[in-house]
Structures are given as C-alpha cells and as structure tokens.
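Notes for the one structure printed next.
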Amino acid sequence: MTYTIRPATRDDSRFIWTLAMDPSVRENSTRSEEFDFASHDAWYAEKLAHPEMHRIWIMEVGGVPVGQVRYGRCDLYEWCPGGGGPHLIGRQAEIAIAIDPARRGQGFAKTLVRETLDLAKSWLAVSTLVALVLRTNRRSRRLFRSLGFRYVGAECRLGRVHARYEL
C-alpha cells in the first residue's frame, strides 16, 4: 500500500467534517449528535490555530484523503494546599481517528496512528497518549490494543461509558 501522511491544512476542513458525519462515526463518538459545517469549520480553525495543543494528520492514497487522526493535549493539574493554586502534574493527549467508510478494514487506521504516535508525543510535549473508546466499539478497542495501548479502566463522558486505553 502506497500512502502519504501529512499535516492537516485549512483545506481539509470539509473532508474531516464529511468523515465526522458518517453515521458509524457519529454512533461511536462521545458526542453522537450531528453538527453543521459552519460550526465544524470554526472548531477546526481553532484547532489548527493552536499547534502546541492540537495536531491533526491526514492519510492519502493516490493523492486522495482516506482518513485523519487528531491528538489534543490535556494538561493535568493538582491544586496545591494553602492557596498555592494549580500545579502542573502531567500532560497527556487524547486521540480521535476516522477512516473513510469505503477504506475501513484495510489497515489504514493502524498505520496512521502508528506513524504519528511519536510525532504527537514530541510536538505536543506529552508523556501519555489516551484513547477513549466506546465499550461497544470492538474494532477500535482491538486497534489500540494492537498498538500497545493498555486498558486502564472505564470513563464516563457525556453519559456514555468508554474504555480508557493509555500508551
């Protein structure tokens, strides 16, 4: 399989929105409701404007986009006793991935994540990568386990229970 993985650009907004609107992607996302392109486009512009917090890569085959992976940094803080305020105790990044429905099951997701893991850790200055996967999403759970992520427990977000994997 010949492919290219490149940083996302502003021109990728509609492709990423189209992937996100796929019914199976909505079903397996933390937020399952649909959203309009204008809302997505504003959100996407904000992500690209802060590369120290967000990194997005696009995979192409024959010059045609087939998937995307996004890493979003989340800084972890602890409140210091005696009014010292918050103290940074760690950094992690959460992963979101989507592959064109016609291209699923061909190994693109695994390749895309595998080839961007170290870049994401380095560019976002994080020590831990986190994948939150709905418990019913067996395919994604298998993907992250195959990449060396380990299951560390369950986490509830927006009323949906996810399996939490860390690397």
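- In this structure, Val126 and Ala120 approach most closely via the heavy-atom pair CG2-O, 4.4 Å.
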Checklist entry - Taking it one step at a time, do Leu117 and Ile95 satisfy side-chain contact (heavy atoms from CB on, under 4.5 Å)? => result CA-CA 9 Å; Leu117 288 172; Ile95 302 171; 4.3 Å; yes
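- The CZ atom of Arg138 sits 10.0 Å away from atom CZ of Arg145, with the distance rounded to the nearest 0.5 Å.
- For Arg55 (side chain) and Pro51 (main-chain N/O), a donor-acceptor pair under 3.5 Å exists by modelled atom type.
- Linking Ile, Leu, Val, Met, Phe, Trp and Tyr residues whenever their side-chain heavy atoms come within less than 4.5 Å places Leu147 and Leu119 in a single cluster.
- Annotation for Thr116 and Leu112: closest pair OG1-O, 2.8 Å, computed over non-hydrogen atoms.
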Checklist entry - Between Glu166 and Arg150, does a side-chain contact (heavy atoms from CB on, under 4.5 Å) hold up when you go through it step by step? => result CA-CA 5 Å; Glu166 293 183 358; Arg150 62 184 176 81; 4.3 Å; yes
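- Of the N and O atoms on the side chains of Arg104 and Ser24, at least one donor lies less than 3.5 Å from an acceptor on the other residue.
- A 6.0 Å sphere centred on CG of Asp118 holds no more than 12 heavy atoms belonging to other residues, nucleotides or ligands.
- For the residue pair Arg141 and Tyr151, no side-chain donor N or O sits within less than 3.5 Å of a side-chain acceptor on the partner.
- Between Thr9 and Tyr44, the shortest heavy-atom distance links the atoms O-OH, 2.6 Å.
- With rounding to the nearest 0.5 Å, the separation of CZ in Arg139 from CD1 in Ile99 is 10.0 Å.
- Residues Trp57 and Tyr71 place their aromatic rings such that the two centres sit under 6.0 Å apart.
- Look at Glu94 and Arg157 and you find a salt bridge, because one of the NZ, NE, NH1 or NH2 atoms lies within 4.0 Å of a carboxylate O, short of that distance.
- Cluster annotation: Ile97 and Tyr3 are assigned to the same hydrophobic cluster (Ile/Leu/Val/Met/Phe/Trp/Tyr, side-chain heavy-atom contacts under 4.5 Å, transitive).
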Checklist entry - Could you walk me through whether Tyr165 and Val152 pass the side-chain contact (heavy atoms from CB on, under 4.5 Å) check? => result CA-CA 6 Å; Tyr165 293 91; Val152 296; over 6 Å; no
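- You'll find the side chain of Arg103 reaches within 4.5 Å of the side chain of Val61, heavy atoms only.
- Using modelled atom types, no side-chain atom of Ser13 and backbone atom of Arg10 make a donor-acceptor pair closer than 3.5 Å.
- Salt bridge status for Arg6 with Glu60: present, with a side-chain N to carboxylate O gap under 4.0 Å.
- Looking only at side-chain heavy atoms (C-beta outward), Arg164 and Val130 come within less than 4.5 Å of each other.
- In this structure the side chain of Leu129 never reaches within 4.5 angstrom of the side chain of Gln92, judged on heavy atoms.
- Judged by distance alone, the side chain of Asn137 and the main-chain N or O of Leu134 form no donor-acceptor pair under 3.5 Å.
- Ring centroids of Phe144 and Phe149 are separated by less than 6.0 Å, placing the two rings close together.
- In this structure, Thr111 and Ile5 approach most closely via the heavy-atom pair O-CD1, 4.2 Å.
- The two residues Ala98 and Leu19 have their closest heavy-atom pair at O-CD1, 3.6 Å.
- Interatomic distance, CG of Leu132 versus OG of Ser140, reported as 11.5 Å (0.5 Å rounding).
- With His54 contributing its side chain and Glu52 its backbone, the two residues share no donor-acceptor pair below 3.5 Å.
- Here the side chain of Asp12 pairs no donor or acceptor atom with the backbone of Phe15 at under 3.5 angstrom.
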Next on the checklist: Test side-chain contact (heavy atoms from CB on, under 4.5 Å) on Ile56 and Ile16; report intermediate values, then the result.
Outcome noted: CA-CA 10 Å; Ile56 305 169; Ile16 292 173; 4.0 Å; yes
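- Remark: Arg14 is positioned above the aromatic ring of Phe37, its terminal NZ or CZ atom under 6.0 angstrom from the ring centre and at most 45 degrees off the axis.
- Contact between Leu143 and Lys110 at its shortest, heavy atoms only, is CD1-CA, 3.5 Å.
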